[in-house]
Amino acid sequence: MSFEIKSTAESYDVIIVGSGAGGGMASKILSEAGLSVAVIEAGGDFDPAKDEDRTQMRFPWESPRRGSGTRIRPFGDFDAAIGGWDIEGEPYTRARGTSFDWFRSRMVGGRTNHWGRISLRFGPDDFKRASIDGLGHDWPIGYDDLKPYYDKVDKLIGVFGSKEGWHNEPDGFFLPPPKPRLHELYMMKGAKKVNIPVIPSRLSVLTKPINNDRGVCFFCAQCNRACQAYADFSSGTCLLHPAMKKGKVDLFTNSMVRKVTTDDTGKATGVSFISKVDMKEYKLRSRVVVLGASACESARIMLNSKSKSHPDGIGNSSGMVGRYLHDSTGADRMGILPELMERERYNEDGVGGMHVYTPWWLDNKKLDFARGYHIEYWGGMGMPSYGVGFSMDTMRKYLKDEFGNPSPNGGYGEGLKKDIKRIQGSTLGMSGRGESIPQYSNYCEIDPNVVDKYGIPVLRFNYQWTDHEIKQAKHMHDTFEEILTNAGAILLGNKPGPESKYGLATPGRIIHEVGTTRMGNDPATSVLNSNCQAHDCDNLFVVDAGPFVSQADKNPTWTILALSWRTSDYIVSELKKKNI
Amino acid sequence: MNRRENLKLLFTGALASGFLLTNCSPEEKQLTYSPQLSGGTKGGRTEEEKLIDQKLLSETFLTEEEKKKLEVLVDIIIPADEKSPAATEVGVVDFIEFMMKDYPGYQTPMRGGLMWLDHYGEDHFGKVFLELDDSQKLEIIEAIAWPERAEPENEGGVKFFNMLRNLTATGYFTTEPGFKYLGYVGNTPNIWDGVPDHIMKTHGFELPEVYKDVYLKPEERGELAQWDDEGNIIRKG
């Protein structure tokens, strides 16, 4: 909780708002170019190698709630994401009849501390979707523009995977992938029977060292708790903190940016922020402002940055800020596999996440929905935590009793105790994560009636899925049943039907929200140009997932990193040319 | 070996030499029978989180009588056997007390369910639950422990017992003796080199031929990664 009060006279070359993937990468590239950089972060500092910050390798009995989720850590008491869906004093609202859930992390590194490390490049088709299916819009850049940056990100940060030669799943500079776990072998078997490919996953986890500053994975399966050996990617451990050691980077923590300040000509002059420590407002000046606060938070800052030259908010002369907000689709299914009951025990933790996955493998021309999805697999003998031993009132029947008959559900006593042990590690499942169609009518805006506890107007979300996403979720569930049953599993739960949009997750729930400050060549229909520079303010840039024109059936982080690097190179070159 | 030394080894890649680490020193290795509740969750807590845990830990929800009932019930659900302790011995009632405050939604079903046991005892045996003899207590449990066999009029008791079974089991198996009983052996630095051979055989699996040379080999974990221009990782041997 340190807060240094900087004199308002002090000026930086660049102010970066946010320290997640985009902000962290920008802090590294810009400071290495010799620029002075201030990073403004709404949460506190965080370093998982410090024992006071460490949640990795803790056992459930080190938590009075045995690792169950809380309002502040909904993914579990040891999860390295401080914030959640509902932050005290920082509300957001939803327009009537629409839904959106917004996950925020208030800490150095943002959501990169707990994310799934699934590090997929967008493919050539992912930048040109409108040309392929007529829906949405093409990006103003293509795969070839980003490829050199993806290559550099692979080498700088590290990602394991296998070279496959698929057109739209470009290969990179991969570290060796880990061998599959037992439940993953069953999934591979089930998928093979129905001709669905399963390949080694691509995660930013170091199976071999890439430099002398970071350790290698020691297979605790807890990447979501942030790694004390820095063996997985998070922005604080791999980008921001190293940049602070090397270059002129000042970090301002616990600082909520209220707006981008401007001069009479409309140029950005810096930011105004509220210190959470003394609840006072401070101003910092800079030649360039870079927003990396997350797609929705950056849009919020821009919409709140109103001035004579930017009456609708900075960067918003097109009225597009907040528009085309879109998240990945999501649906999940679970089963229980008799062959995995009463398993022999061994350490099956592995890396933090799946060892295998299925990239999108079908042709949408033959389907009744427009875009694809990938499949993530889960299961295994992971560390028991809050929830272990639950549901024996519905699950015990899958265990055979001593006479080979299904055990009665429920019960108590030594028999129950034994059956909880027998069933341990026999459930498995999968999650589909897919591409939605960006819509002008799905957006976030400023709610005129509500402010947060810092007095900053909050976002109101307007979001509805279309038939494309709903039909995709239906297809996911058909696929899940095929794979699970062919793997030999008994399906658990019921297949969701149209009344629940086929189990399609609420918008925002997959935490891949993008598109709110999209790039484009036409200043009338986009916020940023192809260099992520605001059309109407040439010293304002966005480096989070806001610039995405479409989200692809991939996870956004690797593209945020590549784009932020590219944007940072452009900023350096424009400053050198004295264009900004 | 302490944690700092572990870390040093992780950084220097000494794990690659096949030197396996243990997570704790032998004197730390005694089983934690009653998990430490005081002080709240360890590691990386914000001030807000510390205050929440302190507040919850300072409050009391269960009455002494409710606790006594729970002590009987949790040991019926998870009793001791030759090799493992009973639920009360590993602090399951304290865990339930904490969860009542952490998830307030549990409070009314728990309080009401424990009262229901008394009503059932009164109606059938003329005594409240704690005053019943063991066989009478078990008769009540039998009436609510088996969801598919239970009489419709005991539906509420079944729901209560399902909740209590969940909390008791989870409270038990998230302790060190619970881990030992389940046979969980992870959460310790190690090198994953695939499913052990004999288990692969038992399940009839072989690794896909195309990936056999692609997968990570333990012995190369110490080497700094290098690639050729086509992105092929350069591997020795």
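Below, read A as the first sequence line, B as the second, and so on, with proteins coming before strands; counting in each chain starts at 1. Only this structure's heavy atoms are used, side chains among them; waters, hydrogens and symmetry mates stay out.
- Of the residues Gln56(A), Arg54(A), Gln222(A), Glu62(A), the one that meets the side-chain contact (heavy atoms from CB on, under 4.5 Å) test with Phe78(A) is Glu62(A).
- Both the backbone and the side chain of Asp81(B) have a heavy atom closer than 4.5 Å to some heavy atom of chain A.
- For Met381(A), the part lying near chain B is the backbone, with the side chain staying farther off; criterion is any non-hydrogen pair under 4.5 Å.
- In this structure, chain B has heavy atoms under 4.5 Å from both the backbone and the side chain of Ile199(A).
- Here Asp419(A) contributes atom CG and Glu342(A) contributes atom CD; the two are 8.0 Å apart, rounded to the nearest 0.5 Å.
- For the set Met200(B), Lys217(B), Glu142(B), Gln226(B), the count of heavy-atom pairs under 4.5 angstrom toward chain A peaks at Glu142(B).
- In this structure, Thr41(B) OG1 and Asp53(B) CG are separated by 4.5 Å, a value rounded to the nearest 0.5 Å.
- For Lys147(A), the side-chain hydrogen bond (donor to acceptor under 3.5 Å, both in side chains) test picks out Asp151(A), with sequence neighbours left out.
- Counting heavy-atom pairs closer than 4.5 Å to chain B, the top residue among Lys397(A), Met383(A), Met392(A) is Met383(A).
- Cation-pi check for Lys101(B) over Phe61(B) is not met; the charged atom does not lie both under 6.0 angstrom from the ring centroid and within 45 degrees of its normal.
- Looking at Ser68(A), the atoms closer than 4.5 Å to chain B (heavy atoms on both sides) sit in the backbone and in the side chain alike.
- When each of Leu207(B), Ile78(B), Ile76(B) is scored by its heavy-atom pairs under 4.5 Å with chain A, the top score falls to Ile76(B).
- Rounding to the nearest 0.5 Å gives a distance of 5.0 Å between CZ of Arg106(A) and CD1 of Ile87(A).
- Interface residue Phe173(B): backbone and side-chain heavy atoms are both found under 4.5 Å from chain A.
- Looking at Glu223(B) and Lys208(A), a side-chain N of the basic residue comes within less than 4.0 Å of a carboxylate O on the acidic one, giving a salt bridge.
- With a 4.5 Å cut-off on non-hydrogen atoms, Ile420(A) touches chain B through its backbone and its side chain both.
- When the candidates Thr207(A), Asn347(A), Leu175(A), Leu340(A) are compared by the number of heavy-atom contacts under 4.5 Å with chain B, Asn347(A) comes out ahead.
- A salt bridge does not link Asp232(A) with Arg214(A): none of the charged nitrogens is closer than 4.0 Å to a carboxylate oxygen.
- Only the backbone of Asp228(B) comes within contact range of chain A, with heavy atoms under 4.5 Å apart.
- Residue Arg45(B) touches chain A through both its backbone and its side chain, counting heavy-atom pairs closer than 4.5 Å.
- For Phe174(A), the part lying under 4.5 angstrom from a heavy atom of chain B is the backbone only.
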inquiry  = For a side-chain hydrogen bond (donor to acceptor under 3.5 Å, both in side chains) check, start with the C-alpha distance between Tyr230(A) and Asn211(A), then their side-chain angles and the critical distance, and finish with the verdict.
reply    = CA-CA 11 Å; Tyr230(A) 303 163; Asn211(A) 58 38; over 6 Å; no
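- Every residue two or more places apart in sequence or in another chain that forms a salt bridge (Lys or Arg N to Asp or Glu O under 4.0 Å) with Arg71(A) is listed here: Asp86(A), Glu88(A).
- Of the listed residues (Gly178(B), Gly231(B), Ala169(B), Pro208(B)), the one with the most heavy-atom contacts under 4.5 Å to chain A is Gly231(B).
- Per-residue counts of heavy-atom pairs under 4.5 Å with chain B were compared for Met107(A), Glu344(A), Arg225(A); the largest is that of Glu344(A).
- Of all the listed residues (Glu48(B), Glu230(B), Glu49(B)), the one sharing the greatest number of non-hydrogen pairs under 4.5 Å with chain A is Glu49(B).
- Both the backbone and the side chain of Leu185(A) come within contact range of chain B, each with at least one heavy atom under 4.5 Å from a heavy atom of that chain.
- The side-chain tip of Lys421(A) points at the ring of Tyr181(B) from less than 6.0 angstrom away and within 45° of straight on.
- Interface remark: of the candidates Arg58(A), Glu414(A), Glu52(A), Arg58(A) forms the most heavy-atom pairs closer than 4.5 Å to chain B.
- Contacts of Ile144(B) with chain A are absent, with no heavy-atom separation under 4.5 Å from either backbone or side chain.
- In this structure, Tyr184(B) has its ring center closer than 6.0 angstrom to the ring center of Phe179(B).
- Neither the backbone nor the side chain of Asp171(A) comes within less than 4.5 Å of any heavy atom in chain B.
- Neither the backbone nor the side chain of Asp213(B) comes within less than 4.5 Å of any heavy atom in chain A.
- Note: Ala145(B) leads Ala145(B), Ala86(B), Ala150(B), Gly171(B) in heavy-atom pairs under 4.5 Å with chain A.
- Inspection of the Asn224(A) and Asp79(A) side chains reveals an N or O donor paired with an N or O acceptor under 3.5 Å.
- Among Thr394(A), Val388(A), Thr70(A), the residue making the largest number of heavy-atom pairs under 4.5 Å with chain B is Val388(A).
- In this structure, chain B has heavy atoms under 4.5 Å from both the backbone and the side chain of Lys417(A).
- Taking chain A as the reference chain and counting heavy-atom pairs below 4.5 Å, the highest number among Asn232(B), Thr168(B), Thr202(B), Ile77(B) is found for Ile77(B).
- Less than 6.0 angstrom separates the ring centroid of Tyr186(A) from the ring centroid of Phe205(B).
- Looking only at side-chain heavy atoms (C-beta outward), Lys179(A) and Asp193(B) come within less than 4.5 Å of each other.
- Heavy atoms of Glu184(A) lying under 4.5 Å from chain B are absent altogether.
- Considering only heavy-atom pairs separated by less than 4.5 Å from chain B, the leading option among Gln424(A), Met188(A), Lys418(A), Arg396(A) is Lys418(A).
- Side chains of Asp75(B) and Tyr412(A): a donor-acceptor N/O pair is absent below 3.5 angstrom, by distance only.
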